[in-house]
Amino acid sequence: MPGGAGLAATSDVNRIEAPVTWKAYMICAFASFGGIFFGYDSGYINGVTGSAVFIEIIEGPGATALTGSHQSLIVSILSAGTFFGALIAGDVSDIIGRKFTIIIGCGIYLVGVILQVAAHSLGLIVAGRLVAGVGVGFESAIVILYMSEICPRKVRGALVAGYQFCITIGLLVASCVDYACKNRTDTGSYRIPIGIQFAWGIILGGGLLFLPDSPRFFVKRGRVEKARASLCQLRGQPADSEYVEAELAEIIANEEYERSLIPAGGWINGWANCFKGSLFKSNSNLRKTILGTSLQMMQQWTGVNFIFYYSTPFLQSTGAISNTFLISLIFTLVNVCSTPISFYTVEKLGRRPLLVWGALGMLICQFLVAIIGDTVGFNKSHVDASGSTIANNVSAVNAQIAFIAIFIFFFASTWGPGAWIVIGEIFPLPIRSRGVALSTASNWLWNTIIAVITPYMVDTDEGDLKSNVFFLWGGLCTIAFIYAYFLIPETKGLSLEQVDKMMEETSPRTSSKWKPTTTFASDMGVKEGEKLDHNIEDVERKGSIF
């Protein structure tokens, strides 16, 4: 149907989207595969830095452990690359589309993997992880954006939670590969875990070639008929379906409304729009940007990546665990098995309760680990006749491990998926790509900071905090609990366009009671069944790169 023919709008808030089909589930589920990148890259380095062959390549013959500075650099440099990759990807996705930005990210990622596999010294390992990080940044920012824009509203939370589930699968696969290679005495002990990453880039990049791009991207660029074609494929409906007509009309009407509030402009103005508005107005762009970036900061502050990055060398340093690789694998299994719980709870209970109660559970576990460790657990050990460090109280150590596992359960079923879901929902279309990019970059910035400073906190030659480091994570989880209660809005069951209106009319603590009563099309004066003619023409005329 040509653009000038118009779109049949609706005033019924329950008919702005087609019923969910298995096709929609499958398309969104495949897009969530991008989480494998994030998880595997976060996980495999934990085992590689414990490989005897890898340690000697980096530190020289006879070395038995990486220095704190080298371990910090190797682990954190990927996060640094990802920070910049996420920021760049926001602009790229507005120019060439969400889908092709992710595909480009896959290509960059594969180049980084090649450099790491070829490495036989510190320099090339660092360079390869930096390049791969840029690719992961493209993927981690835009997969969330892409999924949020294509998922049906009734199951958007559950499907985006699938991204976090894939992260946990990536961590699990990385742990299994590390465990399988830990006794190798050749370079395969680190090259095999690195090389397996090829598969993730090829599967995601190749599969996306056959999926549609985001209809909201096409509307933003003024390509209405491509948006219609995309919706038809995503919703499994014919081009003249009343559901496709109504949803497209609603997206366009919202785009017109948002454009009136956030005028299009050049590159600088596009970024400046993310920081406009009052700090005290819940629906301002500035407030949303702060919410998105601080939410991802809080997710990192929980300390979960301390466990997945450093559990092997940390547990080794305590002298309390004989098989640290196995314990790390158990932590990862708990992570994987707990995440699917959120598929149900995020839609049944909502985003806000998950983040509030999840933070409470995490802070209790972190403080228990710290208190037990400081009194009778990890921190209390002795050196036996053979020179080995042995824990004084094995039962206390086992209790600590149990509470760490329970902490992982709380994280995986709440903050793990919850933070990604919320950042994909809170931004209006004109700044959505940059808002999600900034939020994802915040995740990786704090990921980098934590990866850099943690070795200095727990290394026996540096801070040697042992279990006391969990007092820090417990305190930060307490801040996350307060933060979630006062600042996180409830977005369950709303279209992305309705989220805008909800945040305009409520506060976070009252947001769960808000229900949509009108559509954007009806707010513009379009009656049931009437055509949205002039708005299509405006969108096509005003389509802009930025």
Side-chain angles (χ1 to χ4, degrees), residues 1-31 98-99 146-160 211-258 347 424-425 428-429 432 491-502 515-540:
M1 181 184 294
L7 293 165
T10 181
S11 58
D12 185 348
V13 296
N14 295 314
R15 295 184 65 81
I16 59 170
E17 191 174 275
V20 183
T21 65
W22 278 107
K23 183 177 182 180
Y25 278 119
M26 292 300 100
I27 289 174
C28 296
F30 179 80
R98 299 7 177 173
K99 179 175 82 169
Y146 178 63
M147 291 184 68
S148 297
E149 291 190 340
I150 68 173
C151 288
R153 60 175 175 154
K154 293 180 180 178
V155 292
R156 185 178 60 240
L159 288 171
V160 176
L211 299 188
D213 212 326
S214 161
R216 289 173 171 88
F217 160 71
F218 287 127
V219 168
K220 181 180 173 71
R221 292 296 302 274
R223 297 156 71 179
V224 176
E225 288 311 306
K226 283 191 172 293
R228 181 195 297 276
S230 174
L231 273 176
C232 291
Q233 191 172 351
L234 290 169
R235 304 294 182 247
Q237 297 281 327
D240 58 353
S241 164
E242 62 174 301
Y243 291 109
V244 171
E245 290 266 311
E247 185 171 359
L248 187 52
E250 188 70 357
I251 294 171
I252 292 172
N254 173 259
E255 200 273 346
E256 285 290 300
Y257 171 74
E258 295 292 351
E347 298 297 356
E425 296 176 329
L429 182 58
R432 185 171 296 141
T491 56
K492 179 185 73 170
L494 303 177
S495 71
L496 296 182
E497 290 70 36
Q498 289 167 346
V499 170
D500 287 343
K501 183 162 288 191
M502 177 273 293
K515 303 295 181 186
T517 55
T518 61
T519 64
F520 273 94
S522 62
D523 286 346
M524 294 177 64
V526 182
K527 297 180 181 179
E528 181 74 29
E530 284 187 350
K531 299 292 184 179
L532 203 64
D533 296 327
H534 69 286
N535 293 295
I536 296 176
E537 294 166 0
D538 286 346
V539 171
E540 290 175 338

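- Here the closest non-hydrogen pair linking Ala239 and Cys232 is CA-SG, 3.3 Å.
- Residue Leu496 forms a side-chain contact (heavy atoms from CB on, under 4.5 Å) with just one option from Glu250, Arg432, Arg153, and that option is Arg432.
- Closest non-hydrogen pair, Ser148 versus Val160, comes out as OG-CG2, 4.2 Å.
- A distance of 10.5 Å separates CZ in Phe217 from CG in Leu429, rounded to the nearest 0.5 Å.
- Note that the CZ atom of Arg228 and the CG atom of Asp240 stand 8.5 Å from one another [nearest 0.5 Å].
- Across all their heavy atoms, Pro238 and Val244 have their closest contact at O-CG2, 3.9 Å.
- Contact detail for Ser230 and Pro212: the closest heavy-atom pair is OG-CB, 3.8 Å.
- Under a 3.5 Å cut-off, the side chain of Lys501 and the backbone N or O of Pro516 do not form any donor-acceptor pair.
- By the side-chain hydrogen bond (donor to acceptor under 3.5 Å, both in side chains) test, Thr491 is found to be paired with Arg351, Glu425, residues two or more places apart in sequence or in another chain being considered.
- In terms of the side-chain contact (heavy atoms from CB on, under 4.5 Å) criterion, residue partners of Ala31 (sequence neighbours excluded) are, by chain and number, Tyr146, Met147.
- The shortest heavy-atom contact between Val155 and Glu347 is C-OE2, 3.4 Å.
- Taking Gln233 as the reference, nothing meets the side-chain hydrogen bond (donor to acceptor under 3.5 Å, both in side chains) condition, with sequence neighbours excluded.
- Atom OG of Ser495 sits about 10.5 Å away from atom CE of Met502, to the nearest 0.5 Å.
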Report task. Report the C-alpha distance between Leu231 and Gln237 in whole Å, list the side-chain angles of each, state the deciding distance to 0.1 Å, and finish with yes or no for side chain to side chain contact (heavy atoms under 4.5 Å, CB included). Result -> CA-CA 8 Å; Leu231 273 176; Gln237 297 281 327; over 6 Å; no
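- Of the residues Arg98, Arg216, Arg156, the one that meets the side-chain hydrogen bond (donor to acceptor under 3.5 Å, both in side chains) test with Glu149 is Arg98.
- Atom NZ of Lys515 and atom CG of Leu494 lie 7.5 Å apart (nearest 0.5 Å).
- Nearest heavy atom pair, residue Leu248 against residue Ala227, reads CD1-CB, 3.8 Å.
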